[in-house]
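The structure under discussion appears below in the form of structure tokens.
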Amino acid sequence: TYDEFGGYGHPDHIQAHRVAMKAAEISVERGWDIPKIYWNIMPRSVVQKGMDAMKEIGSDFFGVESIDELPFVKEDSLVHAVIDGNDFVEQKQGAMRAHRTQIAVDGPFFALSNSLGMQVFGHEYYTRVKGGAGPAINSEGYEVDLFSGIRL
């Protein structure tokens, strides 16, 4: 689910977080404990790389001078899992285009360059807030499968 800030403060995402966490709490009360819970996050290094690329092409990053001005950015140390979704970038972009009143997929935030744009779209970052790491770990020490280690 989203983190307590809803990723970037979107009210629907904040509510989705509240609902998901309440559902996890109720599941325990009813005798079933969810073994792992993850919140998606935006790591500082990834956002900084995007900001730097945008500044190189002359963007003012929507008036933000410093990454410290972005409340949704999390320290890289909070990243526990990285999911490679590069095979699904087109589908993700299509889903985002369906929300055209909320996001400009063709705007500068997502159209930095082919390589960076694809990387931003192709990777999802998560912090594990409940449970332990599964055995599917990459060479950088990140989980690569959110379901790894869960026994059904």
Side-chain angles (χ1 to χ4, degrees), residues 1-54 61-62 64 66-105 107 109-112 115-152:
T1 187
Y2 296 98
D3 66 5
E4 69 277 15
F5 189 63
Y8 58 94
H10 193 289
D12 293 345
H13 299 176
I14 293 169
Q15 185 64 7
H17 165 81
R18 290 178 184 147
V19 169
M21 297 310 294
K22 184 66 176 178
E25 181 184 317
I26 291 170
S27 75
V28 171
E29 293 169 4
R30 296 191 178 176
W32 188 68
D33 193 16
I34 297 170
K36 296 196 308 186
I37 297 175
Y38 295 88
W39 295 346
N40 65 325
I41 60 173
M42 285 301 301
R44 183 181 189 86
S45 65
V46 172
V47 176
Q48 186 66 61
K49 184 176 178 182
M51 284 181 71
D52 294 345
M54 289 180 66
F61 198 79
F62 307 107
V64 177
S66 167
I67 196 166
D68 296 325
E69 296 177 58
L70 302 173
F72 60 86
V73 174
K74 305 291 184 182
E75 292 301 321
D76 287 16
S77 62
L78 294 175
V79 176
H80 298 125
V82 178
I83 303 302
D84 182 349
N86 278 299
D87 291 341
F88 305 99
V89 169
E90 288 182 31
Q91 294 90 333
K92 184 176 178 181
Q93 289 174 326
M96 293 173 85
R97 281 189 192 96
H99 295 86
R100 57 186 80 161
T101 62
Q102 297 177 21
I103 189 168
V105 176
F109 188 80
F110 293 105
L112 307 176
S115 61
L116 184 55
M118 294 299 273
Q119 182 181 8
V120 168
F121 274 125
H123 292 91
E124 296 287 338
Y125 302 88
Y126 296 89
T127 188
R128 190 179 55 259
V129 296
K130 181 178 179 193
I137 305 289
N138 67 14
S139 61
E140 297 171 324
Y142 298 123
E143 291 180 81
V144 295
D145 179 347
L146 302 182
F147 297 99
S148 175
I150 295 177
R151 296 191 325 208
L152 300 174

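- In this structure the side chain of T127 reaches within 4.5 angstrom of the side chain of V129, judged on heavy atoms.
- The distance between the ring centers of H17 and Y2 does not fall below 6.0 angstrom.
- Using a distance-only test at 3.5 Å, with no hydrogens or angles considered, a donor-acceptor pair links the side chain of S27 to the main chain of W32.
- A23 meets the side-chain contact (heavy atoms from CB on, under 4.5 Å) test with no other residue; sequence neighbours excluded.
- Separation of atoms NE2 (H80) and OH (Y125) is listed at 15.0 Å; rounding is to 0.5 Å.
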Set out, in order, the CA-CA distance, both residues' side-chain angles and the distance that settles side-chain hydrogen bond (donor to acceptor under 3.5 Å, both in side chains) for Y38 and E143, then state yes or no. CA-CA 11 Å; Y38 295 88; E143 291 180 81; 2.7 Å; yes
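- Across all their heavy atoms, S148 and A136 have their closest contact at OG-N, 3.0 Å.
- Under a 3.5 Å cut-off, the side chain of K92 and the backbone N or O of N86 do not form any donor-acceptor pair.
- Separating the CZ atom in F72 from the CD1 atom in I41 is a distance of 12.0 Å, to the nearest 0.5 Å.
- Of all heavy-atom pairs spanning I137 and A133, the tightest one is CD1-CB, 4.4 Å.
- In this structure, R18 CZ and T1 OG1 are separated by 11.5 Å, a value rounded to the nearest 0.5 Å.
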Between D84 and E124, is the side-chain contact (heavy atoms from CB on, under 4.5 Å) condition met? List the steps. CA-CA 7 Å; D84 182 349; E124 296 287 338; over 6 Å; no
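- A distance-only check finds no donor-acceptor pair linking the side chain of K130 to the backbone of P35 [under 3.5 Å].
- Side-chain contact between V19 and K22: absent, with no pair of heavy atoms (C-beta onward) separated by less than 4.5 Å.
- Classification of the H10-Y8 ring pair by plane angle, with boundaries at 30° and 60°, yields perpendicular.
- Closest of all the heavy-atom pairs between A24 and I37 is CB-CD1, 3.7 Å.
- Under the 4.5 Å side-chain criterion, counting only non-hydrogen atoms from C-beta, W39 is in contact with E4.
- Interatomic distance, S45 OG to D52 CG, rounded to the nearest 0.5 Å: 11.0 Å.
- Interatomic distance, OG of S66 versus CD of E69, reported as 5.5 Å (0.5 Å rounding).
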Evaluate the criterion side-chain contact (heavy atoms from CB on, under 4.5 Å) for residue pair K49 and R44; output intermediate values, then yes/no. CA-CA 9 Å; K49 184 176 178 182; R44 183 181 189 86; over 6 Å; no
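- Here L70 contributes atom CG and M51 contributes atom CE; the two are 5.5 Å apart, rounded to the nearest 0.5 Å.
- Closest heavy-atom contact between P43 and V73: C-CG1, 4.3 Å.
- Atom CD of E90 sits in a sparse spot, with 12 or fewer heavy atoms from other residues, nucleotides or ligands closer than 6.0 Å.
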Worked check of side-chain contact (heavy atoms from CB on, under 4.5 Å) between I83 and L146: CA-CA 8 Å; I83 303 302; L146 302 182; 4.0 Å; yes
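- Judged as a side-chain hydrogen bond (donor to acceptor under 3.5 Å, both in side chains), not a single pair has a partner in residues 132-141 (not counting sequence neighbours).
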